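Just below is one structure, and these are the notes that go with it.
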Amino acid sequence: MAAAPDSAPNSTPDSPAENTPESAPAKAAQPRNPLHGVKLETMVVALADYFGWDELGQRIQIRCFQSDPSVGSSLKFLRKTPWAREKVESLYLFMLRDQKRNNEG
């Protein structure tokens, strides 16, 4: 009785980077949106560094910025409250424009 030749079942050559989402950069999807890819935590930390918690609490009058402020408590509130998150995003965009203006002049 003759033995069957060895062959690898279901062997297909690997195709290069066929289903890799990391091959396309995140910024390419929305190149004109300055908020695309920016985490909420990054925004809150940048605003707190730029304005300080006191001024941030005056500009956006929400308790998580005014009474015992922290990044954690702010994130918890902002993730649940769309109108407050919109205010944070708007102030973040203002801060970016202000920084750009100050660097140009």
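Computed from a prediction, not measured in an experiment: that's the story for all the values here. Starting from 1, each residue takes its place in the sequence as its number. The figures here come from the full heavy-atom set of this structure, side chains too, leaving out hydrogens, waters and symmetry mates.
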**Fill in**
All heavy atoms of Phe51 vs all of Leu56, minimum pair found to be CB-N, 4.2 Å
**side chain to side chain contact (heavy atoms under 4.5 Å, CB included) between Leu78 and Phe65, intermediate numbers included** = CA-CA 11 Å; Leu78 293 169; Phe65 290 161; 4.2 Å; yes
**Request:** To the nearest 0.5 angstrom, please state how far the OG atom of Ser90 sits from the CE atom of Met43.
**Result:** 11.0 Å
**Message:** How long is the straight-line distance from CG of Leu40 back to CG of Leu75, given to the nearest 0.5 Å?
**Reply:** 5.0 Å
**Message:** I'd like to know whether Lys100 forms a side chain to side chain contact (heavy atoms under 4.5 Å, CB included) with Asn103, so could you lay out the CA-CA distance, the side-chain angles of the two residues, the decisive distance to 0.1 Å, and finally the verdict.
**Reply:** CA-CA 5 Å; Lys100 186 176 180 181; Asn103 288 338; 5.9 Å; no
**Message:** Counting neighbours of CG on Asp54 that are heavy atoms of other residues, nucleotides or ligands and sit closer than 6.0 Å, is the number greater than 12?
**Reply:** no
**Message:** Does Ile62 form a side chain to side chain contact (heavy atoms under 4.5 Å, CB included) with Trp83? I'd like the steps, not just the answer.
**Reply:** CA-CA 11 Å; Ile62 52 179; Trp83 63 265; 3.5 Å; yes
**Prompt:** Should the heavy atoms of other residues, nucleotides or ligands under 6.0 Å from CD of Glu41 be counted, would the total exceed 12?
**Reply:** no
**Asked** Is there a side-chain contact between Leu93 and Pro34 (heavy atoms, below 4.5 Å)?
**Response** yes
**Asked** Taking atom NZ of Lys76 and atom OG1 of Thr81, what is their separation to the nearest 0.5 Å?
**Response** 11.5 Å
**Message:** Go through it in stages, so that I can follow the logic: the residues are Glu55 and Tyr50, the test is side chain to side chain contact (heavy atoms under 4.5 Å, CB included), and I'd like the CA-CA distance, side-chain angles, deciding distance and then a yes or no.
**Reply:** CA-CA 9 Å; Glu55 187 174 345; Tyr50 189 74; over 6 Å; no
**Nearest non-hydrogen partners of Cys64 and Ser74, listed with the distance** = O-OG, 3.6 Å
**Asked** Out of curiosity, Arg32 CZ to Gln30 CD, how far, rounded to the nearest 0.5 Å?
**Response** 12.5 Å
**Prompt:** Say you draw a straight line from CD of Gln58 to CD of Gln66; how long is it, rounded to the nearest 0.5 Å?
**Reply:** 8.5 Å
**Complete:** To the nearest 0.5 Å, atom CZ of Arg85 lies from atom CZ of Phe77 at 12.5 Å
